[in-house]
Amino acid sequence: MAKCISVVRIFNFYREGFRNMKLGKVLWLIILIKLFIIFFVLKLFFFPNFLKQFGSDANKQEHVSNELVERAITP
Amino acid sequence: MIENIDISLIDWSRAQFALTAMYHWLFVPLTLGLGIIQAIMETVYYRTGNEFWKKTAQFWMKLFGINFAIGIATGLILEFEFGTNWSNYSWFVGDIFGAPLAIEGILAFFMEATFVAVMYFGWGKVSKGFHLTSTWLTVGGATISALWILIANAWMQYPVGMHFNPDTVRNEMVDFGAVAFSPVAINKFLHTVLSAWIVGAIFVISISSWYLIRKRHKDMALASIKVAAIFGLVASILTLWTGDGSAYQVAQKQPMKLAAMEGLYKGDAGVGLVGIGIMNPAKVSYNDQVNPFLFKIEIPNMLSILAERDAKAYVPGIADLIEGGYPLKDGRLALSAQEKIARGQKAIQALADYRKAVKDKDQTAASFAKNTLEENFSYFGYGYVKNPTELIPSVKLTFYSFHIMVILGGYFILLFIVALIMEKKKTFGQKRWIQEVALWSLPLGYICGQAGWVVAEAGRQPWVIQDILPSNAAISQLSTSSVQATFFVFLIFFTLLLIADIGIMVKAVRKGPDGLNDSNDTINS
């Protein structure tokens with residue numbers, strides 16, 4: 001019961017805090033837009049994980065080791 | 001095969017990373033510095049119960065919140081760039097880099113996120129002591145966040161505590177303590193965070209001076225200047241001390257960077273430190289016999305003291321580091337760049353031989369190749385170097401960045417001392433000149449921090465990981481045009497964020513602190 005009251009108090013604390021925000025509302029809007037751009041635009045369309053195309057870890061190892069060996073300057 | 005990597009791809013990828021990191025570092029230092037100042041002000045309120053300090057702390061918290069909100073998550077983009085542009089590097093160091101970044105994400109992020117809410121929503125709802133604790137823990141969380149990032153960066157400058165596994169082609173952490181508590185990491189963390197405190201102090205003094213010029217909130221402005229000047233002076237002196245520690249570590253672990261910082265082409269015993277200098281544009285090669293300076297003023301023997309704690313100690317120059325043959329502290333002769341390149345090539349060939357032997361199930365050959373790789377691994381990255389001159393970073397960029405940082409550091413100490421004296425004599429509020437000087441010092445704080453990062457990062461080129469992986473081996477095989485496109489996407493994105501940050505900040509400063517009378521700072525009922 002006491003645990004339940006604590007959870008309600010914490011919930012009310014956050015709810016009131018968010019409701020009473022003035023400048024904070026603008027800042028939250030900026031944060032949400034920014035996170036959307038970062039995760040749903042930049043990450044998805046511009047920054048795929050390059051090694052993901054090689055599938056398994058074994059294939060990634062093979063690719064990187066080939067890259068490291070082939071890029072070396074041969075004596 | 002190295003010819004297959006387009007040089008412009010490397011340059012654009014580096015430029016993109018630099019752009020992202022530099023924009024990110026516009027937000028971080030203010031969070032770290034202003035966070036401490038507002039916590040000090042709230043502590044004064046907690047101890048005295050004076051509402052004036054509560055309103056003052058709340059005002060700076062508002063500016064802190066704007067900067068925090070706009071800047072948060074801008075560092076995430078750096079991690080995206082690792083995965084896309086620097087995939088060989090990401091795989092090569094995954095285990096080492098992953099641990100500090102994971103700790104940073106879990107511990108610091110949740111610590112900040114929890115206590116920021118109490119800091120902003122908790123006034124009058126939680127006890128004064130709990131609120132104050134939350135304020136300190138918010139900035140503590142931000143500082144811990146910086147700690148793990150800086151540990152990861154320090155590892156790239158001085159790779160320790162790991163073992164290269166040729167089966168997985170990854171460096172695996174074998175000693176977490178060596179990574180987390182390496183002397184480079186400790187110095188880097190302290191020097192960087194303390195420099196951020198200076199930015200916070202400059203910011204408070206600058207904004208407060210604007211109020212004095214406008215004849216608004218005089219009491220709040222002068223009280224804030226007093227706190228910020230004391231804090232800034234302490235931070236500056238500690239930054240000077242940790243800067244000395246950082247320079248010593250650079251001398252021990254990255255002598256080429258030190259030589260570039262000082263424009264030192266030919267080493268000697270009892271070398272002086274260049275205080276001010278203008279580099280000679282006619283100097284195009286390390287061995288062209290052209291004097292590297294048009295003009296310089298030196299402090300005799302100081303570089304030897306800084307680098308080796310001995311006024312007569314030998315400090316190698318760029319030419320010595322390329323040609324080798326000078327005596328090391330352990331009595332051996334330094335290898336030349338060509339000898340290191342040969343050992344790097346041997347290490348890479350051993351990696352190829354090992355992997356082939358494993359596939360062929362030839363254990364004897366695998367064991368031999370593995371031993372050869374381990375013997376030469378500390379020079380692994382040199383195997384990607386075609387010409388020894390590639391090992392020289394941009395000397396002019398590193399030299400000027402270092403000297404701008406040092407000169408501005410000296411200027412800040414002077415500014416904080418003058419501000420403190422004038423505040424004590426009660427003349428800061430009357431003298432327009434010091435208010436103007438303080439106001440226009442704001443960009444200098446940021447320039448100083450950025451210059452420091454240019455020294456740290458441009459000065460260690462071509463290495464992504466010192467001696468082990470240069471940028472031409474670390475980079476992914478992408479098209480240059482795709483990196484160029486994302487460079488400009490970032491430029492626009494970050495510039496918009498910066499405009500939003502400055503715009504909202506200026507509006508909040510113009511409005512002034514809530515609850516304080518504009519003319520005499522009495523508490524509004």
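The environment of NZ in A:Lys25 is crowded: more than 12 heavy-atom neighbours from other residues, nucleotides or ligands sit within 6.0 Å. No more than 12 heavy-atom neighbours from other residues, nucleotides or ligands sit within 6.0 angstrom of NZ on B:Lys356.
Side-chain contact between A:Gln61 and B:Trp91 is present, with at least one heavy-atom pair separated by less than 4.5 Å. Two residues are said to be in side-chain contact when any heavy atoms from C-beta on lie closer than 4.5 Å; B:Phe493 and A:Ile38 meet this criterion. Side-chain contact between A:Leu35 and B:Ile72 is absent, with no heavy-atom pair separated by less than 4.5 Å. Residues A:Arg71 and B:Ile475 meet the side-chain proximity criterion, which asks for heavy atoms closer than 4.5 Å. A:Phe46 places none of its side-chain heavy atoms less than 4.5 Å from the side chain of B:Thr84. Contact annotation: the side chain of A:Leu27 approaches that of B:Ile504 to within less than 4.5 Å [non-hydrogen atoms, C-beta and beyond]. Side-chain contact between A:Phe13 and B:Val126 is present, with heavy atoms from C-beta onward closer than 4.5 Å. Under the 4.5 Å side-chain criterion, counting only non-hydrogen atoms from C-beta, B:Val489 is in contact with A:Leu42.
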Exercise for the section: Decide side chain to side chain contact (heavy atoms under 4.5 Å, CB included) for B:Arg170 and A:Val64; before the verdict, give the C-alpha distance in whole Å, the side-chain angles of both, and the deciding distance to 0.1 Å. Expected result: CA-CA 9 Å; B:Arg170 290 190 121 163; A:Val64 175; over 6 Å; no

Practice task
Assess whether ring-ring contact (aromatic ring centres under 6.0 Å, His included) is satisfied between B:Phe490 and A:Phe47, documenting all intermediate values.
Solution key: CA-CA 12 Å; B:Phe490 279 161; A:Phe47 285 94; 5.3 Å; yes

Practice task
Begin from the C-alpha positions of B:Leu76 and A:Phe39 and carry the test side chain to side chain contact (heavy atoms under 4.5 Å, CB included) through to its verdict.
Solution key: CA-CA 10 Å; B:Leu76 275 177; A:Phe39 286 105; 3.4 Å; yes

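Salt bridge status for B:Lys359 with A:Glu62: present, with a side-chain N to carboxylate O gap under 4.0 Å.
Distance alone, capped at 3.5 Å, is enough to place a donor-acceptor pair between the A:Lys34 side chain and the B:Ile70 backbone. Distance alone, capped at 3.5 Å, places no donor-acceptor pair between the B:Ser87 side chain and the A:Leu51 backbone. In this structure, the side chain of B:Arg355 does not engage the main chain of A:Ser65 through any donor-acceptor pair within 3.5 Å.
The stretch residues 341-350 of chain B places B:Gln345, B:Ile348 near chain A, each with some heavy atom under 4.5 Å from a heavy atom of that chain.
Interface residue A:Leu68: backbone and side-chain heavy atoms are both found under 4.5 Å from chain B. Looking at A:Asn20, only its side chain comes within 4.5 Å of chain B, counting heavy atoms on both sides. When heavy atoms are compared at a cutoff of 4.5 Å, B:Asp167 approaches chain A solely by way of its backbone atoms N, CA, C and O. The contact between B:Val385 and chain A is made entirely by backbone atoms, counting heavy-atom distances below 4.5 Å. With a threshold of 4.5 angstrom between heavy atoms, B:Tyr120 does not approach chain A through any atom at all. Heavy atoms closer than 4.5 Å to chain A are found nowhere in B:Leu496, neither backbone nor side chain. Only the side chain of A:Ile37 comes within contact range of chain B, judged by heavy atoms closer than 4.5 Å.
Aromatic pair A:Phe18/B:Phe121: centroids less than 6.0 angstrom apart.
Between chain B and the options A:Asn66, A:Ile31, A:Val41, the largest number of non-hydrogen pairs under 4.5 Å is found for A:Ile31.
The NZ atom of B:Lys125 lies 10.0 Å from the CG atom of A:Asn12; values are rounded to the nearest 0.5 Å.
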